[in-house]
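Here is the structure we will look at.
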Amino acid sequence: MNNHVTVLEIDGNALEHNLNYFKNKLEPTTKVLAVVKAFGYGSDGIKVASFLEDKIDYFGVAYTHEGVELRESGIEKPILVLHPQIQNFDAIVKYHLEPSLYNFKILRAFLQFADQHPLMNYPVHLKFNTGLNRLGLWHNDIPLILSEIKASDHVRVQSIFSHLAASEDANERDFTIGQINDFAAIVKKIYQHLDYEPMIHALNTSGVVNYSQAQFDMVRIGIGLYGFGNDAQETAQLKNTHTLSSIISQIHMIEPGETVGYNRAFVSKSFAKTATIPIGHADGISRKLGNEKGYVTIHGQKVPIIGNVCMDMLMVDISKIDCKEGDPVIIFDSQKTINNFAEASETISYEILTAISQRVKRILKA
Ligand SMILES: *Cc1c(COP(=O)(O)O)cnc(C)c1O
């Protein structure tokens, strides 16, 4: 049982608000796949999936074991595994997970596996590369792909999909339109040669915002569910889902010339009061936030992180704050404070959220 005082609270009402915000941008028939990989973007994949299950059509995870965890906690909706490996096939089938087949090696291995077991019409998803050059089958290989798939009644293509490289970037609009057109041509070719029509999908969160004309049958929403849109304007319409808080463990009175923390990185110029907070870089608070680059909030007032962030703790300057040991500390509680953390640690909101380590206790409030 995790009884840590440092807690990440996930706001179910905010999740639902954000889901509905994107649903309102879509045709009523367009399905929604909720991306809950990486512990639901650092929140709690299981709690989030349980909360969303009756509100969405599909779940998406990156790795097989993430899907297994969802099944073991009772999730029944279809789960697309974006990045399975051949070593995972037994678990995929045992837990009725749906693999993305993204190259010839995994396609052929799964066809062989399906033949040996044997499976009937097992749902698989074909991922096509249209420019991200990360995972995906190639357009030119469609005839060969189809000949191998059509020769087997052990699998059924549940969907065909691709992933955009720069859907959030207006400067890459031409490139993105090119990806969408290439994908549409891939789908057309496959539809011509298959006697059924698999679902098709290409958009992530910022794809939904910027290219809703390409919503096809389904969209895959990740970061948007967790409160971050394409830009500040979009984000302002969404609600924050992640609130990270803790308490003051100890307060120290520091004399001029004394130092605080490892490497004596903070040197006090005057009498100061510091507070030690039980959260550190092992919990996802980057060391880049130390030395007054980042701040947390105590009783509504910003207090800078001083010295180096330790593994399990950080220290803040509370000289100007009236507070006592045990008082609450907000690490972040809004998109603004999360974005400030992201900027100060030279990264993006995705990394701030997903970095919150499993040591931090999770609560979902709805
Ligand atoms: C992570 C991921 C998504 C979700 O992207 P967001 O930008 O978080 O909405 C969608 N599709 C694929 C293939 C992904 O890997």
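Numbering of ligands and ligand atoms starts at 1, following listing order. Along the sequence shown, the residues carry numbers beginning at 1.
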**OP:** Mind telling me whether H201 and F161 have parallel, tilted or perpendicular rings, with 30° and 60° as the class edges?
**Re:** parallel
Subject >> Q116 CD: over 12 foreign heavy atoms closer than 6.0 Å >> reply: yes
Original post:
What atoms of ligand 1 come within less than 4.0 Å of a heavy atom belonging to V35?
Top reply: 3 (C), 4 (C)
Original post:
For residues E98 and Y122, is any side-chain donor paired with an opposing acceptor at under 3.5 Å?
Top reply: no
Original post:
With only distance considered, is I221 within less than 3.5 Å of ligand 1 through an N or O on each side?
Top reply: no
Subject >> Atom indices of ligand 1, in the order listed, that fall short of 4.0 Å to a heavy atom of I223 >> reply: 6 (P), 7 (O), 8 (O), 9 (O)
Original post:
Is I348 reachable from L353 through a run of hydrophobic residues whose side-chain heavy atoms are each under 4.5 Å from the next?
Top reply: yes
**OP:** With heavy atoms only and a cut-off of under 4.0 Å, state how T205 meets ligand 1: side chain, backbone, both or neither.
**Re:** both
**OP:** Could you tell me the residue and atom name of the protein heavy atom closest to atom 11 (N) of ligand 1, and the distance to it rounded to 0.1 Å?
**Re:** R220 NE, 2.8 Å
**OP:** Indicate whether any N or O donor in one side chain lies under 3.5 Å from an N or O acceptor in the other, for Q85 and Y63.
**Re:** no
Original post:
Does the N or O separation between G222 and ligand 1 drop below 3.5 Å for any pair?
Top reply: yes
Original post:
What residue and heavy atom of the protein are closest to atom 5 (O) of ligand 1, and at what distance?
Top reply: N204 CB, 3.5 Å
Original post:
Should we count CG of N20 as having more than 12 external heavy atoms under 6.0 Å?
Top reply: yes
Original post:
Among H83, K127, H163, which one has a heavy atom closest to atom 12 (C) of ligand 1?
Top reply: H163
**OP:** Report the nearest protein non-hydrogen atom to atom 7 (O) of ligand 1: residue, atom name, distance rounded to 0.1 Å.
**Re:** Y350 OH, 2.7 Å
Original post:
Short list, please: which atoms of ligand 1 are under 4.0 Å from a heavy atom of Y41?
Top reply: 1 (C), 4 (C), 5 (O), 6 (P), 8 (O)
Original post:
Which bit of R134 is near ligand 1, meaning a heavy atom under 4.0 Å away: side chain, backbone, both or neither?
Top reply: side chain
Original post:
Are E346 and K293 within salt-bridge range, i.e. N to O under 4.0 Å?
Top reply: no
**OP:** Kindly write out the residues that satisfy side-chain contact (heavy atoms from CB on, under 4.5 Å) with N133, not counting sequence neighbours, or none if the list is empty.
**Re:** N129, W138
Original post:
If you count the atoms of ligand 1 from 1 in the order shown, which ones are under 4.0 Å from a heavy atom of K37?
Top reply: 1 (C), 2 (C), 3 (C), 14 (C), 15 (O)
